[in-house]
Amino acid sequence: MMKSAYLAGVYAEVERRNPGEKEFLQAVREVLESLEAVCEKHPEYEANGVLERMVEPERFIQFRVSWVDDAGKVQVNRGFRVQFNSAIGPYKGGLRLHPSVNASVIKFLGFEQVFKNSLTGLPMGGGKGGSDFDPKGKSDGEIMRFCQSFMTELSKHIGQFTDVPAGDIGVGAREIGYMYGQYKRLRNEFTGVLTGKGLKWGGSLARTEATGFGLCYFTQEALQCMRGESFAGKTVVISGSGNVAIYACQKAAELGGKVVAMSDSNGFVHDPEGIDLALVKQIKEVRRARISEYVKTRTGASYTEGCAGIWGIPCDIALPCATQNEIDGEAAKLLVKNGCKVVCEGANMPSTPEAIETYLANGVLYGPAKATNAGGVAVSGLEMSQNSLRLAWTFEEVDGRLKEIMKNIFHNAYNASKECGVEGNLMVGANAAGFMKVADAMVAQGVAY
Ligand code: NDP
Ligand code: 2IT
């Protein structure tokens with residue numbers, strides 16, 4: 001519970017204003033609980049109403065997305081964009097296409113994005129968007145028509161200096177292509193309004209790999225600085241088998257780890273010999289099929305229905321890379337019981353508050369999403385820079401910058417944890433460090449902006 005009357009009051013008002021929005025309330029609560037020491041040291045934040053302002057999005061846009069399916073039937077989905085905070089740069093954050101998307105999910109993601117983007121050190125504010133459209137089982141034509149209809153409305157609210165969306169769950173190169181084409185058609189301009197673009201039309205090398213690679217760079221730096229260890233020889237479990245999971249798997253293996261399990265929303269595969277990533281890429285990226293197909297080729301591996309069971313596989317390092325609240329208190333206890341010493345988050349908010357409590361109580365090295373998965377948006381920021389320069393950097397250049405950014409994020413979070421009197425608590429450190437830059441900008445820019 002929050003000791004500070006100021007923070008408790010802000011939270012009570014958020015609860016009153018956003019009833020039933022459990023993901024959003026969970027994300028806000030975690031941040032506010034991390035800011036006791038910061039707010040005590042900086043009375044100017046309360047004096048300037050910074051927290052009250054920060055928990056209320058600058059703008060929340062909801063719209064109808066109608067499109068025609070292959071059978072000629074009219075379909076209607078709900079589209080969203082939350083423009084949460086622009087104190088340090090244009091709104092920036094991904095678009096999620098998943099049936100579970102609603103206002104609460106978009107607001108939690110947009111809220112977290114504000115602090116994450118601040119941690120990257122690049123000038124980006126926070127936003128997020130998406131739709132409850134379910135891409136599973138849709139034809140390319142249906143995906144295209146949905147993306148075009150979605151962009152027809154979204155285009156009125158975004159722009160290279162205003163708000164720059166990108167991918168998230170269900171949005172990869174294909175969807176960004178269809179959306180970019182529609183934006184260009186509507187505006188008659190070729191600008192960096194989206195990131196994650198194709199390499200032949202303004203995309204950045206290493207953006208596809210960035211979130212997964214960045215997660216491993218952070219984990220490696222944290223392991224080295226806090227434990228004097230590395231990935232070498234460690235057993236790793238990674239949930240999900242999408243963009244983040246695949247490139248986390250690749251980098252974890254390159255750094256000497258042995259990834260033994262991956263999953264999708266139906267179930268998980270356990271391959272004690274080490275995951276065959278080329279096979280996973282073939283199944284998920286090329287065929288857009290289910291992870292269960294993995295065991296048809298890799299006969300030494302086993303498939304189990306139900307995605308939650310993956311946390312019962314013994315490992316040294318767990319990298320949740322699927323979705324929010326995928327590790328609950330029970331799963332966290334199981335991880336700890338089986339010897340897991342490190343949990344670093346590729347997904348956004350994959351651990352419930354009970355899971356985080358379990359990590360902290362058991363000395364698990366816990367890397368919170370805002371810090372650990374910031375590599376994706378960081379390289380999106382680098383894509384914006386390259387677009388503005390009308391230049392394209394090499395893979396090595398972008399990857400090198402990503403590595404430096406992830407190391408800096410770790411050290412900033414670690415140092416902030418010390419300043420907050422909880423050395424090594426990277427959740428408090430990341431929240432405090434990400435918050436202060438935005439808060440100072442909001443104070444400097446005055447109230448009525
Ligand atoms: P993808 O759509 O590429 O992959 C998502 C993966 O997670 C799939 O394997 C999917 O399985 C699984 N998944 C999705 N929803 C659920 C669910 N409700 N239960 C179980 N499994 C689920 O998305 P990304 O890899 O891009 O995103 C994964 C996570 O990383 C998300 O939390 C996202 O917000 C976060 N993230 C992404 C970034 C990026 O740059 N893409 C940057 C930072 C964070 P299935 O195929 O069965 O649906
Ligand atoms: O959650 C995230 O940081 C993303 N989905 C990436 C956002 C971006 O703008 O690259």
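Atoms within each ligand, like the ligands themselves, are counted from 1 in listed order. What you are looking at is a predicted structure, and each value in this text was computed from that prediction instead of being measured.
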At what distance is the nearest protein heavy atom to atom 31 (C) of ligand 1, and which residue and atom is it?
Ala322 O, 3.4 Å

Taking the side chain as every heavy atom from C-beta outward, state whether Leu154 and Pro165 have any pair of such atoms under 4.5 Å apart.
yes

Considering only protein heavy atoms, which is closest to atom 15 (N) of ligand 1, and at what distance to one decimal place?
His98 NE2, 3.6 Å

At a 4.0 Å threshold, what atoms of ligand 2 neighbour a non-hydrogen atom of Gly167?
4 (C), 5 (N), 6 (C)

Nearest-option assignment for atom 21 (N) of ligand 1, heavy atoms, candidates Pro320, Ser265, Gly196:
Ser265

side-chain contact (heavy atoms from CB on, under 4.5 Å) partner of Val280, chosen from Val269, Ile291, Ile238, Val259
Ile291

Heavy-atom contacts under 4.0 Å between Arg207 and ligand 1: side chain, backbone, both, or neither?
side chain

Counting heavy atoms only, which of Asn266, Asn373, Asn348, Thr323 is nearest atom 17 (C) of ligand 1?
Thr323

By number and element, which atoms of ligand 1 are closer than 4.0 Å to a non-hydrogen atom of Cys307?
20 (C)

Which residue and heavy atom of the protein sit nearest atom 6 (C) of ligand 2, plus the separation
Arg207 NH2, 3.6 Å

Can you list the atoms of ligand 1 that are under 4.0 Å from a heavy atom of Gly240?
9 (O)

I want to know if ligand 1 touches Lys136 in the polar sense, i.e. an N/O pair below 3.5 angstrom.
yes

Are any of the heavy atoms in Gln324 under 4.0 Å away from ligand 1?
no

Would Glu330 and Lys333 count as a salt bridge (charged side-chain N to carboxylate O under 4.0 Å, His left out) if you check the C-alpha gap in whole Å, the side-chain angles of each, and the deciding distance to 0.1 Å?
CA-CA 5 Å; Glu330 289 311 305; Lys333 283 192 193 116; 3.6 Å; yes

Parallel, tilted or perpendicular: rings of Phe218 and Phe410 (30°, 60°)
perpendicular

Among all the protein's non-hydrogen atoms, which is closest to atom 9 (O) of ligand 2, and how far away is it?
Lys92 NZ, 2.7 Å

Given 3.5 Å as the limit, does a donor-acceptor pair link the side chain of Lys437 with the main chain of Ala433, or not?
no

Side chain Asp399, main chain Phe395, donor-acceptor under 3.5 Å:
no

Does the side chain of Gln250 pick up a donor-acceptor pair with the side chain of Lys281 at under 3.5 Å?
yes

Residue, atom name and distance, where the atom is the protein heavy atom closest to atom 23 (O) of ligand 1:
Ile169 CA, 3.4 Å

Donor on one side chain, acceptor on other, Ser351 and Glu345, under 3.5 Å:
yes

With a cut-off of 4.0 Å, which atoms of ligand 1 are near a heavy atom of Gly170?
2 (O)

Purely on distance, is any nitrogen or oxygen of Ala166 under 3.5 Å from one on ligand 2?
no

Starting from atom 7 (C) of ligand 2, find the nearest protein heavy-atom neighbour and note its residue, name and distance.
Gly94 N, 3.5 Å

Mark up the atoms of ligand 1 that fall under 4.0 Å of a heavy atom belonging to Ala347, in ascending order.
29 (C), 30 (O), 32 (O), 35 (C)

Between Gln113 and Lys128, is there a donor-acceptor pair closer than 3.5 Å when you use the side chain of the first and the backbone of the second?
no

Quick test: of every protein heavy atom, which one is nearest to atom 3 (O) of ligand 2, and how far off is it to 0.1 Å?
Lys116 NZ, 2.7 Å

Look at the aromatic rings of Trp67 and Phe146 and report parallel, tilted or perpendicular, splitting at 30° and 60°.
perpendicular

Could you check whether Phe80 and Phe150 have their ring centres less than 6.0 Å apart?
no

Out of Gly375, Gly376, Gly242, who gets a non-hydrogen atom closest to atom 6 (C) of ligand 1?
Gly242

Within the side chain of Gln445, is there an N or O that forms a donor-acceptor pair under 3.5 Å with the backbone of Met442?
no

Below 3.5 Å, N or O to N or O, backbone or side chain included: is there any such pair between Asp168 and ligand 1?
yes

Under 3.5 Å, is there a donor-acceptor pair between the side chain of Asn338 and the main chain of Gly312?
yes

So is Arg290 close enough to ligand 1, meaning a heavy atom under 4.0 angstrom away?
yes

May I ask whether Arg96 places a heavy atom under 4.0 Å from ligand 1?
yes

Ligand-side contact atoms (ligand 1) for residue partner Gly346, heavy atom cut-off under 4.0 Å
30 (O), 35 (C), 36 (N), 44 (C)

Distance under 4.0 Å to a non-hydrogen atom of Ser241: what atoms of ligand 1 satisfy this?
9 (O)

Can you see whether Phe133 has Lys138 sitting over its ring - NZ or CZ less than 6.0 Å from the centre and within 45° of the normal?
yes

Looking only at non-hydrogen atoms, which of Leu215, Thr211, Val105, Val280 approaches atom 40 (O) of ligand 1 most closely?
Thr211

Residue and atom name of the nearest protein heavy atom (relative to atom 10 (O) of ligand 2), distance in Å to one decimal:
Ser380 OG, 2.6 Å

The closest protein heavy-atom partner of atom 3 (O) of ligand 1 is Asn243 N, 2.9 Å

List every atom of ligand 1 that sits less than 4.0 Å from any heavy atom of Cys321, numbering the atoms from 1 in the order shown and giving each element.
28 (C), 29 (C)

On the ring face of Tyr11, is Arg29 found with NZ or CZ under 6.0 Å from the centre and within 45° of the axis?
yes

Report, in ascending order of atom number, the atoms of ligand 2 lying under 4.0 Å from any heavy atom of Gly93.
7 (C), 9 (O)

For Asp276, is there any backbone N or O sitting under 3.5 Å from a side-chain donor or acceptor partner on Tyr294?
yes

Going by the 4.0 angstrom heavy-atom rule, the piece of Asn348 near ligand 2 is side chain

Ranked by distance from atom 4 (C) of ligand 2, the top protein heavy atom is Lys128 NZ, 3.7 Å

Are Arg64 and Arg78 close enough that some pair of their side-chain heavy atoms sits under 4.5 Å apart?
no

Asn348 and side-chain hydrogen bond (donor to acceptor under 3.5 Å, both in side chains): which partner among Lys370, Lys116, Arg96?
Lys116

Polar proximity ligand 1 side, Val244 side, N/O cut 3.5 Å exclusive
yes

